[in-house]
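Taking it in order: structure first as structure tokens, then the write-up.
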Amino acid sequence: MESLLEELFVRRRRRQRQGLARGLDATAEGIDFCSNDYLGFAADAATARALWKRWEGWKGSPHAAPASRLLRGTTTAHLQLESRLARFKGASAALLFATGYQANLGLLTALLGPEDRAISDALNHASLIDGLRLSGCRKVIVPHLDLEAIEAALAAPHPTGRTFLVTESLFSMDGDTAPLERYAELVERHSALLIVDDAHATGLYGARGSGLVEASGVEERTLAVSSTFGKALGLFGGMVSGPRAVIDHLIDHARSFVFTTAPPPLLLAGVDLALDRVAAEPELRQRVGELSEQLRRALVDRGLARPLGRGPIVPVLLGDTERALQVAAAVSRRGFDVRAVRPPTVATGTSRLRVSVHASHSKAQIDRLAEAIGDAMKEAGLLVGPLAAPIGEACRAAGGAP
Ligand code: PMP
């Protein structure tokens, strides 16, 4: 044991020197431009009070379901919420998972096997990557959002099994979006199947607010969609939606569903409440879009290259890890909670600030944040403007999330 502990210590010291050691720190300070609380539900005291009230009136189900769903863990509340989630996502069925991570793991390992092939975007989230690895399928990693590469991969014959195109809809670190309608056409042309992780878009896009699968009109052309409650819905937990046959298959085979405890009814009440708010307050998602565009423009006005993407995830690419940490610290000193994202979360050489815009921010806060970022970059001795564009290119070229 001694030698392993010594080795871990040495490795940790090396990561510290490289600015790659992580710490757990409960002293978040400054205005939250960091969490994924895009609609502002998590920070809203009125939502917490409404949940408490709803919980007081809760009848019929126990307060917890400490058993797996396949044993005593399924209550009517689980089944009712799953029906509601299926309607919300425009699918025939839905299944709750403990987290979005576990939803992706269960989905991919249950549906794909070693005989199958997955075409996977280079910037797909770790949970998709891990699910594909565990499934044992053949992986073809395509450069980020590269339609030609996707088409070429689809066209290459794969007689041993099926081909799946696996993608995020709104990318978690770059804030850009996959052309889902185009992807649906491509998979249909090549007899392949589309799987979408709609985690960051859920609650933000489409007439019902269910995400980019809905907004792109591809609900019926997608084999399965994973979503989480830990972003715009302001809570915790995950789900998969899709045709009834897919969901029934997951109930039997998704190990991260079968071998874990059912989500507690308190969480289900929270998700139900969040869905009520998404349905009743479409202006919130519109506001997120407007404020995000305001921030992108304000950063350009301060000499930065326009951040990639659209929507609430606004990446300010800095390249070097030390530089990203330095700029993040300078922005926090100005009263904003903005964090640096560095390898292995993003590819080496693509460290960045990942700014997350919320409906609860004010326009004045957005302007002040843009000013703080501009000033922090100057303070760090960065040439603002001519520098940012080449870094953006370098980030694209580097591609490849962990
Ligand atoms: N997919 C994507 C694209 C994500 O960004 C995340 C969370 N960062 C997940 C899945 C996992 O969701 P959860 O946090 O609910 O496990």
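For ligands, and for the atoms within them, numbers begin at 1 and follow the listed sequence.
Between R302 and D375 no salt bridge is recorded (no basic side-chain N to carboxylate O distance below 4.0 Å). Ion pairing between E371 and R368 fails under the 4.0 Å rule for side-chain N and carboxylate O. Under the 4.0 Å criterion applied to side-chain N and carboxylate O atoms, R287 and E283 are not assigned as salt-bridge partners.
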In sequence, state the C-alpha distance, the side-chain angles, and the governing distance for Y38 and I313, and then conclude on side chain to side chain contact (heavy atoms under 4.5 Å, CB included).
-> CA-CA 9 Å; Y38 305 126; I313 300 165; 3.4 Å; yes
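Ring geometry for H253 versus H249: interplanar angle of 30 to 60°, hence tilted.
Checked against side chain to side chain donor-acceptor pair (under 3.5 Å), S216 has no partners two or more places apart in sequence or in another chain.
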Show me a pair-per-line table, with atom names and distances to 0.1 Å, of protein N or O atoms that are under 3.5 Å from an N or O of ligand 1.
{"residue": "ligand 1", "atom": "1 (N)", "partner": "D197", "partner atom": "OD2", "Å": "2.6"}
{"residue": "ligand 1", "atom": "5 (O)", "partner": "H200", "partner atom": "NE2", "Å": "2.6"}
{"residue": "ligand 1", "atom": "8 (N)", "partner": "H125", "partner atom": "NE2", "Å": "3.3"}
{"residue": "ligand 1", "atom": "8 (N)", "partner": "K231", "partner atom": "NZ", "Å": "3.1"}
{"residue": "ligand 1", "atom": "15 (O)", "partner": "G100", "partner atom": "N", "Å": "2.8"}
{"residue": "ligand 1", "atom": "16 (O)", "partner": "G100", "partner atom": "N", "Å": "3.2"}
{"residue": "ligand 1", "atom": "16 (O)", "partner": "Y101", "partner atom": "N", "Å": "2.8"}

